[in-house]
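All figures in this text were calculated on a predicted structure; none of them were measured in a lab. Residue numbering restarts at 1 for every chain, and letters A, B, ... go by the order of the sequence lines.
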Protein chains: 2
Amino acid sequence: MSIKQLAARADVSMATVSRVFNFPDKVSADTRQHVLRIAQELGYLPNASARSLRTQCSKVLGIVLPTLLNPVFAECLDGIAQAARAAGYAILPITTDYELEREEQAVLQLIAADVDGMVLVVSQPATSRALDRLRAASLPYVLAYNRHADHPCVSVDNETAVIEMVARLVALGHRRIAFISGELAASDRALQRQRGFCEGMQAHGLDTYVCLEVPFIETAIQDIGALLDTPGRPTALVCSNDLIAIRSIRAAHLAGLTVPRDISIAGFDGIALGRDLTPALSTITQPNQAIGRDSVQWLVAALASGQPLAPHASRLLPHAFRTGESCTTAPDSPSSSRRARVASLTSTLDPS
Amino acid sequence: MSIKQLAARADVSMATVSRVFNFPDKVSADTRQHVLRIAQELGYLPNASARSLRTQCSKVLGIVLPTLLNPVFAECLDGIAQAARAAGYAILPITTDYELEREEQAVLQLIAADVDGMVLVVSQPATSRALDRLRAASLPYVLAYNRHADHPCVSVDNETAVIEMVARLVALGHRRIAFISGELAASDRALQRQRGFCEGMQAHGLDTYVCLEVPFIETAIQDIGALLDTPGRPTALVCSNDLIAIRSIRAAHLAGLTVPRDISIAGFDGIALGRDLTPALSTITQPNQAIGRDSVQWLVAALASGQPLAPHASRLLPHAFRTGESCTTAPDSPSSSRRARVASLTSTLDPS
DNA sequence: CTGTTAGCGCATTCAT
DNA sequence: ATGAATGCGCTAACAG
């Protein structure tokens, strides 16, 4: 079903049909109804490829994400999809599994696919070859979760968030606090969060702290278990993301520890599932859907206005602290009375 | 950068350039190298819209899913993305939030987007208007998770799986078993699973069972809690999916019950996260990524061969039982000794 | 308000 | 092995 056939059936010109769909106002009400009726009958739908070719804009956004298996990015993609739909754009998502080579391939494929712009989550904006390609093609893009002065970014203040989380744990009496992260080289977020942890600890004069990197999910729980099996084990863990926090809770359980009675565990990301866990996950929440939504809206606005996306206009969205049940006062802390523990179970003494 | 410009720079015809990319063998090695070198320099990438328009095939697959916020579909989409990439296809995913109207809109949008075929998860294949549209457009498609004699489907045997799960729980001494599901009308899977539950219970002469529908996630935990607060409360719950199982564990916790000591809870779906939970989720696993992968491979094979997708060739992928820690012997069962309970903690007495 | 025409970038005849 | 010409379906000038 092409515009030509429809035009023939409706006994009007192709241009009129085109106007009916693109500028309804520029057509008399009569002919508009007429054309629409026949279009309905014939099941006519304007062909996107032809339109893209002609207008040089595809109404498609390329999306580059590390993975969909981490709910953080699934939630973000959900936000992206919503915003894109609202703005009349389709999305073409590609996952990279944190592999730099695939980031670059993804960008090349999306350029070839004729996308109007991209939203991407890369590992390291500073050194990304994918971004070089993007600039070479002078395609508009927004980075989500990443943060870098030379690129337009939508993210949260990872460093400050973790500094604040450390302060909360310290206020709960914790002194031996460890930081658990995935592969640090895999993302700038992980590095920012670790930096925040170190700064936060030093700010409280706690300079002998542990940072544990658990690169492989297969062995993560064992590695964390080993840390918890030491005599001077930490009384609290700050985890670089919620999935690691969940595994840490499991590691603690396998080590015979109860969360939060024996050890407090905090996450980062605010995945929705964390609310439903037992114990409910205490975590730093980012507005994942909003990060996706805002990235798209900013990109679309730039596309519409023709204005370039200015890196200095990058947005930091607010983080927050979700009071769950996985953090409470330190076991050896003076305030760690029975009353305090019971209260923690009702979520009132969580870091707040 | 168009083929014309590249041809001019390389001092060959457009046709030759086209051959270099589509039929490298039909060009002499010399000119091929020459053209490729210049293409590299100029950063030439064949334009997808133009190619689609010309060849009438876009190398894009439309994907229609209920939501990405349930890890089941995120995992499935991951499998879809992998298989599509391997076959040289891009994907255009749209989520519908279980709304029939949006299923239909999605299909129309994807038809207009010129996709070569679709993989979709619909609510009710039997009555789906979206599928009508698809047949009207005579576009190849495969249904994932759905199961219906008139459509090509890739799914698991939901009914049998739940029957078997009931048998396992009965073998563990459970008699008062309840079934918890989301909105039954929202999907054929939910109905199949419930049917399996009823059959499974009757097969053991347990005809007084409870089926609880918790349509709204906001109140789900409270609704389940109410069920658990009754005197003759169930000793085991079979949940229609893993997210509900996780919420049930929480509901049990809030009701002062410990899982699995006081109550056993089983899920359905096998989301990866379930392994890392505490207690690890006992659940019926489906091969979510494989469901996505197989759907794509079948669709792509049909596209390549021109053969239609025969509904009777629908595939049932094998389900399995993941032995977690959320199920054990019934509290009032004779075999529910201390030893049995301890063993259950080490995952050896889970339904198996 | 409506019709005619040209061309977006490419793959594919048909020549050579 | 290579080149010239055509049209996929559509929109945007321009003409009327």
Side-chain angles (χ1 to χ4, degrees), chain A residues 1-36 38-39 42-60 88 90 108-116 137 139, chain B residues 1-36 38-39 42-60 88 90 108-116 137 139:
Chain A
M1 192 61 300
S2 76
I3 198 175
K4 191 189 250 175
Q5 297 168 44
L6 172 53
R9 291 297 199 86
D11 200 42
V12 296
S13 70
M14 288 165 49
T16 297
V17 175
S18 178
R19 287 189 194 101
V20 167
F21 287 93
N22 296 298
F23 309 95
D25 304 338
K26 294 197 154 295
V27 167
S28 79
D30 282 350
T31 41
R32 192 189 325 135
Q33 299 303 342
H34 176 63
V35 169
L36 284 175
I38 307 220
L42 275 55
Y44 169 78
L45 290 173
N47 179 288
S49 302
R51 177 181 288 184
S52 304
L53 182 58
R54 176 59 228 236
T55 62
Q56 304 289 20
C57 95
S58 59
K59 286 287 193 179
V60 176
L108 289 177
Q109 184 183 340
L110 290 173
I111 292 172
D114 218 16
V115 300
D116 291 343
L139 253 180
Chain B
M1 196 53 309
S2 77
I3 199 176
K4 191 190 249 173
Q5 296 168 44
L6 172 53
R9 291 300 196 86
D11 200 43
V12 295
S13 70
M14 288 165 52
T16 297
V17 175
S18 178
R19 288 189 194 100
V20 166
F21 286 92
N22 296 299
F23 309 95
D25 304 338
K26 294 197 154 295
V27 166
S28 76
D30 283 351
T31 41
R32 190 188 327 133
Q33 300 303 341
H34 176 63
V35 170
L36 285 175
I38 308 222
L42 274 56
Y44 169 78
L45 291 173
N47 179 288
S49 302
R51 176 180 290 185
S52 303
L53 182 57
R54 175 60 228 240
T55 62
Q56 305 289 15
C57 96
S58 59
K59 285 288 193 177
V60 176
L108 290 177
Q109 184 184 338
L110 289 173
I111 292 172
D114 217 15
V115 301
D116 291 343
L139 252 179

From [options], pick the nucleotide closest to the side chain of [X]?
{"X": "Ser2(B)", "options": "dG9(C), dC14(C), dG9(D)", "result": "dG9(C)"}
{"X": "Arg51(A)", "options": "dC10(C), dT11(D), dT2(C)", "result": "dT11(D)"}
{"X": "Ile3(A)", "options": "dG3(D), dG9(D), dG9(C)", "result": "dG9(D)"}
{"X": "Val12(B)", "options": "dC10(C), dT11(D), dG3(D)", "result": "dG3(D)"}
{"X": "Arg54(A)", "options": "dA4(D), dG9(C), dG9(D)", "result": "dG9(D)"}
{"X": "Met14(B)", "options": "dC10(D), dA11(C), dT12(C)", "result": "dA11(C)"}
{"X": "Pro46(B)", "options": "dC10(C), dT12(C), dC8(C)", "result": "dC10(C)"}
{"X": "Arg19(A)", "options": "dA13(D), dT6(D), dT2(D)", "result": "dA13(D)"}
{"X": "Thr16(B)", "options": "dT4(C), dC10(C), dT2(D)", "result": "dT2(D)"}
{"X": "Asn47(B)", "options": "dA11(C), dA13(D), dG9(C)", "result": "dG9(C)"}

What pair of heavy atoms forms the shortest contact from [X] to [Y], and how long is it?
{"X": "Arg19(B)", "Y": "Val27(B)", "value": "CB-CG2, 3.5 Å"}
{"X": "Gln109(B)", "Y": "Ala90(A)", "value": "NE2-CB, 4.0 Å"}
{"X": "Val20(B)", "Y": "Pro24(B)", "value": "O-CG, 3.5 Å"}
{"X": "Leu139(A)", "Y": "Ile111(A)", "value": "CD1-CG1, 3.8 Å"}
{"X": "Phe21(A)", "Y": "Pro46(A)", "value": "CD2-CG, 4.3 Å"}

For the pair made of [atom1] in [X] and [atom2] in [N], what is the distance, rounded to whole Å?
{"X": "Lys4(A)", "N": "dG3(C)", "atom1": "NZ", "atom2": "P", "result": "16 Å"}
{"X": "Lys59(B)", "N": "dA11(C)", "atom1": "NZ", "atom2": "P", "result": "13 Å"}
{"X": "Gln56(B)", "N": "dT6(D)", "atom1": "CD", "atom2": "P", "result": "20 Å"}
{"X": "Gln33(B)", "N": "dA1(D)", "atom1": "CD", "atom2": "P", "result": "15 Å"}
{"X": "Met1(B)", "N": "dC8(C)", "atom1": "CE", "atom2": "P", "result": "13 Å"}
{"X": "His34(A)", "N": "dT2(C)", "atom1": "NE2", "atom2": "C1'", "result": "13 Å"}
{"X": "Phe23(A)", "N": "dA13(D)", "atom1": "CZ", "atom2": "P", "result": "9 Å"}
{"X": "Tyr44(B)", "N": "dG9(C)", "atom1": "OH", "atom2": "P", "result": "10 Å"}

Would you indicate what [X] reaches in the nucleic acid, counting non-hydrogen atoms under 4.0 angstrom: base, sugar-phosphate, or nothing?
{"X": "Val17(A)", "value": "nothing"}
{"X": "Ser18(B)", "value": "base"}
{"X": "Phe21(A)", "value": "nothing"}
{"X": "Thr31(B)", "value": "sugar-phosphate"}

- To the nearest 0.5 Å, what is the distance between CD (Gln56(B)) and CG (Asp116(B))?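 Between Gln56(B) CD and Asp116(B) CG, I get 10.0 Å after rounding to 0.5 Å.
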- Message: Does dT12(C) have its OP1 or OP2 closer than 4.0 Å to a side-chain nitrogen or oxygen of Thr55(B)?
- Response: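 For dT12(C), OP1/OP2 do not have a side-chain N/O of Thr55(B) under 4.0 Å.
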- Query: Does atom CZ of Arg9(A) have more than 12 heavy-atom neighbours from other groups under 6.0 Å away?
  - Reply: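 Atom CZ in Arg9(A) is not crowded, with 12 or fewer foreign heavy atoms closer than 6.0 Å.
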- Item | Side chain Thr55(B), main chain Arg51(B), donor-acceptor under 3.5 Å |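 Present.
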- Message: Could you walk me through whether Ser49(B) and Ser52(B) satisfy the side-chain hydrogen bond (donor to acceptor under 3.5 Å, both in side chains) test, starting with their C-alpha distance in whole Å, then the side-chain angles of each, then the deciding distance to 0.1 Å, before giving a yes or no?
- Response: CA-CA 5 Å; Ser49(B) 302; Ser52(B) 303; over 6 Å; no
- Hey, which of these two, Ala15(B) or Ala50(B), hits DNA chain D nearer its 5' end, going by closest nucleotide?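 The residue closer to the strand's 5' end, by nearest nucleotide, is Ala15(B).
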- Task: Taking Watson-Crick and G-U wobble pairs with both distances under 3.5 Å, convert DNA chain D into its dot-bracket string, 5' to 3', dots for unpaired and | for cross-strand pairs.
- Result: ||||||||||||||||
